[in-house]
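Throughout, protein chains are lettered first and strands after them, A, B, ... in sequence-line order, and every chain is numbered starting at 1. The figures that follow rest on heavy atoms only: side chains count, while hydrogens, waters and symmetry mates do not.
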Amino acid sequence: MNHDIVRTRIEPAPSGSIHVGNARTALFNWLFARHHGGSFVLRVADTDAKRATEENYQAVLEDMRWLGLEWDEGPEVGGPSGPYRQSERFGLYDEAAQKLLASGAAYRCYCTPEELEAERARAQSEKRAPGYSGRCRHLTPSDIETFEAEGRASSVRFQVPEGRTITFHDEVLGEMSTELGLTPDFVIQRSDGSPTYMLAVTVDDLAMNITHIIRGNDLVASTARQILVREALGADGLPVFAHLPLLVDDKGRPLSKRWGDVAVRAYRDQGFMPEAMVNYLALLGWSFDDRTNIFSTEELIEKFSLERVGKNPAAFDISKLEWLNGHYIRGSHPDAIADALVSFCVRAGLPADTEEGVSILRRVTPLLTERMKRLTEAPPMIAFLFGGVEPDDKAAKALDGQDDYLRELSDRLASLDEWTTTSIEEAMRALAEERELKPKKAFQPVRAAVTGTLVSPPLFESLEILGRDETLVRLRRAAAK
RNA sequence: GGCCCGGUAGUCUAGUUGGCCAAGGACGCCGCCCUCUCAAGGCGGAGAUCACGGGUUCGAAUCCCGUCCGGGCUACCA
């Protein structure tokens, strides 16, 4: 087949927000296609009607877009090989199944689930391989007639040829080969007429001219079976395979076994930026050299190659993601961060979605960007700008015995000609010097009185944004206690 | 059980044809500096018997064999 025009694909199952392992696979496919000027296809694997809800389907599209992985062909953008939801391609799969049935590459299996289960249990207790025996391979016409008369449902199984060895090249793992002796005949079409993964993936990769199949290492073992189906369907040549190392959690367990908390959506809600997510994901199983960690999307496209994908499983480490996120927050335009912060503030109970709220956010965000690792850290730091704040325990302690000082300070601030960071700072430093107070000693009580905590954005700037009136109110109230 | 994949510091990794590696970078951690707090930034530090055991070689993280550990597949899931 022609590999010059690169075509890759991602095939997420709509089981809710896509999890980071799939996101990483999607990213690598996307980067590879972009790097080679090829096409990236999105195909939704919703053949399992039980899990594929419309809501989950929408979540997949939304996650992909949030990550910035725009697809060239797929749902909503269309393309020459559509439709791109497997649930809408059943006719194609059935056609393929019929073709394989007609050529003798596949046969009808009338075994019931109960029979298969019994067979499996027996094999297990006798410590034999639990695979299907292939007993429906050579049913006589009268056997079939009997089964049909009984109303037994039938699935379609692929007849695995014996004594063959399938070999293929894997860009990550090298030359691979599988002896077919241990591969049982596998189902390609369920008794309800729906295709299994083996059929659907093969038919679609063929129909969509996919040249490079980049996917998780968990699919290595299924490659030989897909090659078999491919051949039986009359395809010549093979796509290039690349099996990516699996992602594991901090205890070394596969990430795919733990849904929900590892979903892309969860990270978005926890205040991570898509740029950070993409950069971090790229570092999992791929490296450019011995020192570079930070890559813009453009750099990733330029530098990405399958040769530099490693073989060993990678653990998802939230602290490195946080570091990158902080980096991208600092590098973003403050206004963009401010806008993104609105929803996080609202969710935290701060009325930031008003004109005034947005204005406050825009003014305070520049003070925030270099001290955030996650967007969710902002609301607690700026709550004092959205309402009075009761001092916490530490702040209350810092306020002890400061009445006179705070009163004096409030008088001085009240008489300032203008209310700017500079004028506030000058006044506060002057008073501190007169009283021979070290800066920290002088400023922490003020911070406590105004923000209710001992940790906040820079003080003088914060006071300027809070405004003179409210600052004085808070200082005097603290002094009066 | 069988087949397959993997194993460099807590984590991501560099290390492609053996010597420049008594193993480099990054996150995290610890300390110092800066400093109105917290961060950011700067500087420094601890942390890896290169899973283990044998070989081959003047020399191995890098080659060979074995062992152990982890994982995947072995479904009418994908």
Side-chain angles (χ1 to χ4, degrees), chain A residues 11-13 15 45 47-48 50-51 109 111-113 116-117 120 123-124 126-132 153-157 170 172-173 176-179 181-184 186-192 194-198 200-201 215-222 224-225 243 245-246 248 250 252-254 256 280 283-294 307-308 310-324 326-327 330 367-373 377 381 398 425 428-429 432 438-444 446-448 451 453-460:
Chain A
E11 191 181 68
S15 323
T47 57
D48 187 359
K50 288 184 281 293
R51 288 192 284 173
C109 170
C111 297
T112 64
L116 294 172
E117 182 49 45
R120 207 171 300 131
Q124 229 142 30
E126 292 170 16
K127 292 213 186 287
R128 285 185 292 107
Y132 177 66
S154 65
S155 61
V156 176
R157 277 183 193 274
D170 189 293
V172 175
L173 303 171
M176 303 288 294
S177 69
T178 307
E179 286 178 38
L182 284 321
T183 305
F186 53 94
V187 173
I188 55 174
Q189 188 178 41
R190 302 185 187 96
S191 51
D192 66 1
S194 65
T196 62
Y197 173 70
M198 291 299 166
V201 74
R215 61 196 343 183
N217 191 280
D218 52 334
L219 263 9
V220 175
S222 76
R225 277 171 282 166
H243 289 94
L246 257 23
V248 297
D250 51 8
R253 293 171 305 197
S256 53
Y280 181 64
L283 260 21
L284 259 24
W286 175 84
S287 66
F288 175 65
D289 58 17
D290 63 343
R291 53 195 64 249
T292 319
N293 287 283
I294 293 175
E307 293 96 78
R308 297 213 51 93
K311 299 181 184 182
N312 44 316
F316 195 91
D317 176 26
I318 196 90
S319 65
K320 189 159 186 173
L321 209 211
E322 285 185 330
W323 169 70
L324 278 168
H327 170 82
R330 272 171 261 135
L367 306 178
L368 262 30
T369 51
E370 71 187 29
R371 55 205 87 220
M372 273 193 294
K373 285 195 292 231
E377 290 166 24
M381 286 196 280
E425 176 165 6
M428 287 182 65
R429 286 199 190 275
K438 286 190 170 179
K440 182 172 177 178
K441 282 282 179 198
F443 302 152
Q444 282 300 72
V446 180
R447 190 187 306 280
T451 71
T453 111
L454 257 25
V455 177
S456 84
L459 234 204
F460 317 121

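In this structure, A:Leu182 places its CG atom 13 Å from P of B:U74, rounding to the nearest Å. One atom, CG of A:Leu324, and another, C1' of B:U13, lie 13 Å apart when rounded to the nearest Å. Per the geometry, OH belonging to A:Tyr197 stands 11 Å off P belonging to B:U74, to the nearest Å. Atom P of nucleotide B:G72 and atom CG of A:Asn312 are separated by 16 Å, given to the nearest angstrom. A:Glu370 places its CD atom 13 Å from the P atom of B:G42, with the value rounded to the nearest Å. What separates CZ of A:Arg447 from C1' of B:U37 is a distance of 4 Å, to the nearest Å. For A:Leu283 and B:U11, the CG to C1' distance is 12 Å, given to the nearest whole Å. Atom P of nucleotide B:A14 and atom CH2 of A:Trp286 are separated by 11 Å, given to the nearest angstrom.
Residue A:Arg429 places at least one side-chain N or O under 4.0 Å from the OP1 or OP2 atom of B:C36. Put simply, A:Arg120 has a side-chain N or O that comes within less than 4.0 Å of OP1 or OP2 on B:C76. Listed pair A:Ser319 / B:C27 fails the phosphate criterion, with no side-chain N or O lying under 4.0 Å from OP1 or OP2. At least one side-chain nitrogen or oxygen of A:Lys311 sits closer than 4.0 Å to the OP1 or OP2 atom of B:G6. Remark: A:Arg308 is in phosphate contact with B:G15, judged by side-chain N or O atoms under 4.0 Å from OP1 or OP2. A close approach under 4.0 Å does not occur between any side-chain nitrogen or oxygen of A:Arg253 and OP1 or OP2 of B:G70. Considering only side-chain N and O atoms, A:Arg371 lies nowhere under 4.0 angstrom from the phosphate OP1 or OP2 of B:U37.
A:Phe460 comes within contact range of at least one nucleobase, with a heavy-atom separation under 4.0 Å. At the heavy-atom level, A:Gly310 lies nowhere under 4.0 Å from the strands shown. Across all strands, A:Ser287 comes closer than 4.0 Å only to sugar-phosphate atoms, never to a base (heavy-atom distances). In this structure, A:Pro245 reaches neither bases nor backbone, as no heavy-atom distance under 4.0 Å exists between it and the strands shown. Here A:Cys111 lies in heavy-atom contact (under 4.0 Å) with a base. Counting non-hydrogen atoms under 4.0 angstrom, A:Met198 reaches a base of the nucleic acid. Counting non-hydrogen atoms under 4.0 angstrom, A:Leu116 reaches a base of the nucleic acid. Note on A:Leu219: a base of the nucleic acid sits closer than 4.0 angstrom, heavy atoms only. Residue contacts for A:Leu459: at a heavy-atom cut-off of 4.0 Å it reaches a base atom on one of the strands shown. Within 4.0 Å of A:Arg225, counting heavy atoms only, lie sugar-phosphate atoms of the nucleic acid but no base atom.
Pairing for B:G70 goes to B:C5, judged as Watson-Crick or G-U wobble with the two contacts each under 3.5 Å. Pair check for B:A22 finds none; no Watson-Crick or G-U wobble contact set falls under 3.5 Å. The base-pairing partner of B:G31, taking Watson-Crick or G-U wobble contacts with both distances under 3.5 Å, is B:C43.
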Show your reasoning for whether side chain to side chain donor-acceptor pair (under 3.5 Å) applies to A:Arg447 and A:Thr451. CA-CA 6 Å; A:Arg447 190 187 306 280; A:Thr451 71; over 6 Å; no

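Separation of the P atoms belonging to B:G28 and B:C69 is 35 Å when rounded to the nearest angstrom. Of the C1' atoms belonging to B:U62 and B:U57, the separation is 13 Å, rounded to the nearest Å. Taking atom P on both nucleotides, B:U11 is separated from B:A51 by 13 Å, rounded to a whole Å. Going from the C1' atom of B:C68 to that of B:C27 covers 30 Å, rounded to whole Å. Taking atom P in both B:G66 and B:C29, the straight-line distance is 43 Å, to the nearest Å. Straight-line distance between the C1' atoms of B:A9 and B:A14: roughly 14 Å, to the nearest whole Å. Rounded to the nearest Å, the gap between the P atom of B:A23 and that of B:C50 is 11 Å. Nucleotides B:G18 and B:U13, compared at atom P, are 25 Å apart to the nearest Å.
A 4.5 Å side-chain heavy-atom check between A:His243 and A:Met176 finds every atom pair outside the cut-off.
At distances below 3.5 Å, at least one donor-acceptor pair connects side-chain atoms of A:Arg190 with backbone N or O atoms of A:Pro195. For A:Tyr280 (side chain) and A:Asp317 (main-chain N/O), a donor-acceptor pair under 3.5 Å exists by modelled atom type. With hydrogens and angles disregarded, a donor-acceptor distance shorter than 3.5 Å links the side chain of A:Arg308 to the backbone of A:Ser287. Although no hydrogens or angles enter the test, the distance criterion places no donor-acceptor pair under 3.5 Å between the side chain of A:Thr292 and the main chain of A:Asp289.
Proximity of the aromatic rings of A:Tyr132 and A:Phe186 is defined here by a centroid distance below 6.0 angstrom, and this criterion is not met.
Both A:Gln444 and A:Thr292 lie near RNA chain B, and the one whose nearest nucleotide falls closer to the 5' end is A:Thr292. The nearest heavy atom of RNA chain B to A:Ser191 and to A:Asn293 marks one nucleotide each, and the one closer to the 5' end goes with A:Asn293.
For A:Leu173, taking side-chain heavy atoms from C-beta onward, the closest of the listed nucleotides B:C5, B:C76, B:A14 is B:C5. Side-chain proximity of A:Pro458 to B:C27, B:U37, B:A14: nearest is B:U37. Across B:U11, B:C76, B:G72, the shortest atom-to-atom separation from the side chain of A:Asp317 is found for B:U11.
Summarising the geometry, atom CZ belonging to A:Arg371 is positioned 11.5 Å from atom CD belonging to A:Glu377; distances are rounded to the nearest 0.5 Å.
In A:Glu179, the CD atom is not crowded: 12 or fewer heavy atoms of neighbouring residues, nucleotides or ligands sit closer than 6.0 Å.
Contact of A:Ser456 with B:C38 (side chain to base): no donor-acceptor pair of N or O atoms is detected under 3.5 Å.
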